[in-house]
Amino acid sequence: MAIAYVSHYDCQMHDMGHHHPEQPARLSAINDRLIATGLEMVLHQYDAPLATREMLEAAHDSDYIDEIFAAAPKEGIKWVDGDTAMNKYSLNAALRAAGAVALGVDLVMEGKVKQVFCGVRPPGHHAERHRAMGFCLFNNIAVGAYHAINQYGLKRVAIVDFDVHHGNGTEDIVSGDERILFCSTFQHPFYPHSGYDTDVPNIVNAPLPSGATGKQFREAVEQHWLPRLEAFEPELVMISAGFDAHQADDMANLQLIDSDYAWVTRRLCEVADRWAQGRVVSSLEGGYELHALARSVEAHLKAFLGEN
Ligand SMILES: [Zn+2]
C-alpha cells in the first residue's frame, strides 16, 4: 500500500540565521535524495495544511499559543528561546509542521495510505506544553497523537522517539496520559538533561551512554521498547524521527548508521502490522549532517516499503 510524504514550502522558508544547524538545507537535502533515488516517484505527496487552534490546544496551553502568535516578527529574527528563533515565515512553518502530522493521521485513519513521513521543520519534540525550546515551537507529534485520539476516538497511541536528544516536550505533554505510550532512546548525560530519572507508567525511557553503537541501540529497543509496545497493543504508531544519533552527525556522540534506522523502522512496522493495521505516522525531528540525514530518511522510507 501507498506511502505518503507530507511537507510544505513554508517549512523551507523558516530560517533562524546563517549558522544555525536547524537550517532550510535539511529539507532540500532530503528532497534531492528522494529525487535521486527515485523514491519521489513512489511517494504520494501532500501539502501540509495549517494546524487549527483546536488541534494545538490539545497539546499546548492557550496562552502559550498566543505568545507564539504574538512573537512572530514581520521582519528580522525574534528569539523565543536560547537556540530557537522565528522569522516572518516561522509561524506558518510551525503551523504546517503540526498540521502535517495531523493530516498524516487522517491519511492512515481513512485508509488512504499505510505509512506517512512528514518532512517538516521546525521540529517539535522539545516543545513543552508551555515552552518553546531546542529549535521547536509546537510539538508536532503530540498534536498529531491528540488529533488521533480526539478525532478518531483512538484509545491507545504509541509515540516512539529515536532522536539523539530526549523528547522532553513530548514527555511533558503526555506524561500520565495512559492513552499514549511514549518510548524514547537518547544520549545521556546530554541536552536537554531530562528523562533519565522519569518514573511514570506511560513513559519508557532508555538512555544510552556517549559512544553507544547501533548494537547497543538495537538492544535497548529490543529490551525496553518492544515488550512495552506489544503489551500496549497500539492502534497507531507514531515516530519522532530524529537522525542526529548518526555517527556522522557531530551534534552528539552516538554511532548509529543508516541500516540502524532501517532496522528500527522495520521493527516498528511489525508492531503496527500486528496491532494497528500497519498505520505508522513519522515526523522529522533532528538530523544535522546533511548527507547522513538524507541517506537515513531514505533508509527509513525504504524500510516502510519493505526494502531493508
Ligand atoms: Zn535531536
I want to know whether [X] and [Y] have ring centres closer than 6.0 Å.
X: Y196; Y: H166; value: no
X: F243; Y: F162; value: yes
X: H60; Y: F138; value: yes
X: H44; Y: Y5; value: no

Do [X] and [Y] pair up side chain to side chain, a donor and an acceptor below 3.5 Å, judged on atom types alone?
X: E57; Y: S62; value: yes
X: H14; Y: N92; value: no
X: T170; Y: N139; value: yes
X: T213; Y: Q255; value: no
X: D106; Y: Y46; value: no
X: N168; Y: E128; value: yes
X: E171; Y: T198; value: yes
X: H125; Y: S240; value: no
X: S28; Y: N31; value: no

*asked:* Whether D258 and K302 form a salt bridge (side-chain N of Lys/Arg under 4.0 Å from carboxylate O of Asp/Glu) is what I want to check.
replied: no
*Does a salt bridge link R279 with D273, judged by any charged N lying under 4.0 Å from a carboxylate O?*
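Result for this pair is no, no salt bridge flagged.
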Take the angle between the ring planes of [X] and [Y] and call it parallel below 30°, perpendicular above 60°, tilted in between.
X: W225; Y: F217; answer: perpendicular
X: Y191; Y: H165; answer: perpendicular
X: F304; Y: H300; answer: tilted

Taking [X] for the side chain and [Y] for the main chain, is one N or O donor matched with an acceptor at less than 3.5 Å?
X: R156; Y: F232; result: yes
X: N87; Y: M13; result: yes
X: E285; Y: G124; result: yes
X: H20; Y: D83; result: yes
X: T84; Y: V80; result: no
X: N202; Y: D177; result: yes
X: S7; Y: G119; result: yes
X: D172; Y: R129; result: yes
X: R179; Y: K155; result: no
X: D249; Y: E289; result: yes

Do you know which two heavy atoms are closest between [X] and [Y], and how far apart they sit?
X: I77; Y: D15; answer: CD1-O, 3.3 Å
X: N140; Y: A98; answer: OD1-N, 3.3 Å
X: P122; Y: L137; answer: CG-CD1, 4.2 Å
X: G104; Y: V116; answer: O-CG2, 3.6 Å

Does [X], at its [atom1] atom, have more than 12 non-hydrogen atoms belonging to other residues, nucleotides or ligands within less than 6.0 Å?
X: H130; atom1: NE2; result: yes
X: Y89; atom1: OH; result: no
X: E110; atom1: CD; result: yes
X: E54; atom1: CD; result: no
X: D250; atom1: CG; result: no

*Given the rule in the salt bridge (Lys or Arg N to Asp or Glu O under 4.0 Å) test, do R131 and D61 qualify, once you have shown the distances and angles that lead to the verdict?*
CA-CA 9 Å; R131 180 159 70 141; D61 289 344; over 6 Å; no
*asked:* Y146 vs M55, test: side chain to side chain contact (heavy atoms under 4.5 Å, CB included). Steps then yes/no.
replied: CA-CA 8 Å; Y146 281 108; M55 288 174 187; over 6 Å; no
*Show your working on side chain to side chain contact (heavy atoms under 4.5 Å, CB included) between V101 and V143 and close with a plain yes or no.*
CA-CA 7 Å; V101 184; V143 168; over 6 Å; no
*Begin from the C-alpha positions of E298 and R33 and carry the test salt bridge (Lys or Arg N to Asp or Glu O under 4.0 Å) through to its verdict.*
CA-CA 7 Å; E298 177 193 352; R33 187 82 189 174; 2.6 Å; yes
*Which is it for E270 and R274 under the salt bridge (Lys or Arg N to Asp or Glu O under 4.0 Å) test, yes or no, and what are the steps along the way?*
CA-CA 6 Å; E270 288 164 7; R274 208 148 27 239; 5.2 Å; no
*Rounded distance [0.5 Å steps], CG in D47 versus NE2 in H8*: 4.5 Å
_Can you tell me how far apart OG (S210) and CG (L254) are? Round to the nearest 0.5 Å._
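The OG atom of S210 sits 7.0 Å away from the CG atom of L254.
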_Candidate pair I30 and L284, rule side chain to side chain contact (heavy atoms under 4.5 Å, CB included), full reasoning_ = CA-CA 11 Å; I30 291 170; L284 182 65; 3.9 Å; yes
*Assess whether side chain to side chain contact (heavy atoms under 4.5 Å, CB included) is satisfied between V6 and F117, documenting all intermediate values.*
CA-CA 6 Å; V6 186; F117 181 72; over 6 Å; no
